[in-house]
There are 2 protein chains.
Amino acid sequence: MTTVNALSEVAALMGDPARASMLSLLMDGRAHTASELALTAGITAQTASGHLSRMVDGNLLAARAQGRNRFYRLASSDVAHAIESLMTIAGTRAPPASMAAAWRRDPDLRFCRTCYDHLAGQVGTAVTDALTRSGYIEPKGVRDWTLTEPGELFCKRIGVDVPGARRAGSRHFARQCLDWSERRPHISGALGAAIADTFFRRGWAEKLRRSRTVRLTDSGRRALSSHFGAAV
Amino acid sequence: MTTVNALSEVAALMGDPARASMLSLLMDGRAHTASELALTAGITAQTASGHLSRMVDGNLLAARAQGRNRFYRLASSDVAHAIESLMTIAGTRAPPASMAAAWRRDPDLRFCRTCYDHLAGQVGTAVTDALTRSGYIEPKGVRDWTLTEPGELFCKRIGVDVPGARRAGSRHFARQCLDWSERRPHISGALGAAIADTFFRRGWAEKLRRSRTVRLTDSGRRALSSHFGAAV
DNA sequence: AGGATGGTTCGATTGCCACCGAACTATTGA
DNA sequence: TCAATAGTTCGGTGGCAATCGAACCATCCT
């Protein structure tokens, strides 16, 4: 019976019109602020706040404070999957997700850049998504990642210096860093830096002078496809 | 807005404890009478009747009158899929300890069960993994499989009615269905049902009465090993 | 510092809906 | 024909939860 209650609780969380429209917006895979979500749901900020904290409690959403904003995103791809399957029987198709078109302006910096010493932008999040999807890294707590056993092997295979990253003093090993253009987390910390280093060392990417912009080379594009199963 | 409302309406239908337990019972893929459903939900017949007609209106259930009984079943495999995916995130909510306890309580269910009309659990994912590993099926898009040429031959060899599955009206041919206990995809859709049917027809597996649990027979275990190269 | 912005908490109101008792229809069986 | 069983419809009740105004906290900006 516990499982039944859990089922109805999750479904009930999605069963309120205001919460459903928030979830719909979040189906673009990005993180959105509380006020943004309140606006699209057509409710006041107070009400939205209540809904959001309930959905965080229910493990539907994950929240992250950044400055005075608070960003909410879907807690996992499982949640997205469930919403999609509900939309299927509701007779509506998943949103076209052509948000990408809006970001076409100013492509270079959004496409790939360094964030301190690790990769950010579309490439950074694509790499992170790929690692997550393959089960190489898993979210740990609110702002860290765990490198799994298969992930360790994968890193060794492509030449990421994991032992070196572990040795990096008191520095955090693998952190979730919110990407400001993609509004989703990418991997940072010592491991993120080691991954970026691999990209530069193997000629997959090169830093442009006097800029945070990073150019993905042709071999980098191939490596993304073959090693990460990601297309950008 | 329509699309959001539709989403919340469907979710709200599943979001009531009484309706959720009815849906859970119906996940065995069979039809049940109104009083049977009322009993498992722990409510009176009148209340159940209201719930049931609402779910029929909402295209979650289909009803068929037979004598003075009225049988209800899930309206489509899409509904079953949506429920499964909700169970997936509902399962992650529970801490690992209680999850393990639930599995300990019913290890058979985790081992092999029907998900609407196809195989799920360890056996379901093992079969799917084996088909993938042998190149008999390949992921197509995010939620479908392609049956390859060798796969077609293999199905013919072991007696899976592929032409029949292809003929199955507007039903999806081969879908990726996320397994809530294994947290990996297994094969569903018309082809998944045809494969399950083969298991039952050839005596490799048998349904346990009044339950979604499926027992793998000895010959089924041998078949898994010889035909699929899988051990469970 | 102090104002502006983003977000949350609290309390009170309101409307919806799950529930049951009672009465009703339909089918079966004697 | 009558009695029993399965199911539905109707009306009234009760509880829960979505909502907003108001006050409050945190952060940013000048």
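This one's a predicted model, so the numbers in the text were calculated from it and none came from an experiment. All chains are named by letter (A, B, ...) in the order of the sequence lines, taking the proteins before the strands, and each is independently numbered beginning at 1.
- For B:Q46 against D:dG7, no side-chain N or O and base N or O form a donor-acceptor pair under 3.5 Å.
- For B:T47 and C:dC19, the shortest distance from a side-chain N or O to OP1 or OP2 is not below 4.0 Å.
- Taking atom CE of B:M55 as the reference point, atom P of D:dG7 lies 14 Å away to the nearest angstrom.
- When the P atom of D:dG7 is taken as reference, atom NE2 of B:H51 falls 16 Å away, rounded to whole Å.
- Backbone-only contact: A:S35 has heavy atoms under 4.0 Å from sugar-phosphate atoms and none from a base.
- Within 4.0 Å (heavy atoms only), A:A34 reaches sugar-phosphate atoms of the nucleic acid but no base atom.
- Residue-level contact check: B:T33 touches the backbone only, with heavy atoms under 4.0 Å from sugar-phosphate atoms and none from bases.
- Among the heavy atoms of the strands lying under 4.0 Å from B:Y72 are primed sugar atoms or P, OP1, OP2 only; no base atom is included.
- In this structure, A:T132 contributes its side chain and A:T128 its backbone to a donor-acceptor pair below 3.5 Å.
- In this structure, A:T44 reaches the D:dC20 phosphate: one of its side-chain N or O atoms is under 4.0 Å from OP1 or OP2.
- For A:I43 and C:dG7, the CD1 to P distance is 13 Å, given to the nearest whole Å.
- Summarising the geometry, the separation between CZ on A:R68 and C1' on D:dC25 is reported as 13 Å, rounded to the nearest angstrom.
- Rounded to whole angstrom, the span from the CG atom of A:N69 across to the P atom of D:dA26 amounts to 17 Å.
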**Message:** Could you walk me through whether A:D197 and A:R201 satisfy the salt bridge (Lys or Arg N to Asp or Glu O under 4.0 Å) test, starting with their C-alpha distance in whole Å, then the side-chain angles of each, then the deciding distance to 0.1 Å, before giving a yes or no?
**Reply:** CA-CA 6 Å; A:D197 185 57; A:R201 207 163 14 79; 3.3 Å; yes
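- Put simply, A:R70 has no side-chain N or O that comes within less than 4.0 Å of OP1 or OP2 on C:dG6.
- Following rounding to the nearest Å, A:D57 (CG) and D:dA17 (P) show an atom-to-atom distance of 14 Å.
- The distance from atom CD of B:E36 to atom P of D:dT5 is 17 Å, rounded to the nearest whole Å.
- Contact detail for A:L86 and B:A82: the closest heavy-atom pair is CD2-CB, 4.1 Å.
- Using the six-membered ring where Trp is involved, A:F228 and A:W204 have ring planes that are perpendicular, over 60° apart on the 30 and 60° scheme.
- Atom P of nucleotide C:dC16 and atom CG of B:D16 are separated by 17 Å, given to the nearest angstrom.
- Listed for the B:R70 side chain is no donor-acceptor partner under 3.5 Å among the backbone atoms of B:A34.
- The side chain of A:R19 has D:dA18 as its nearest neighbour among C:dT8, D:dA18, C:dA18.
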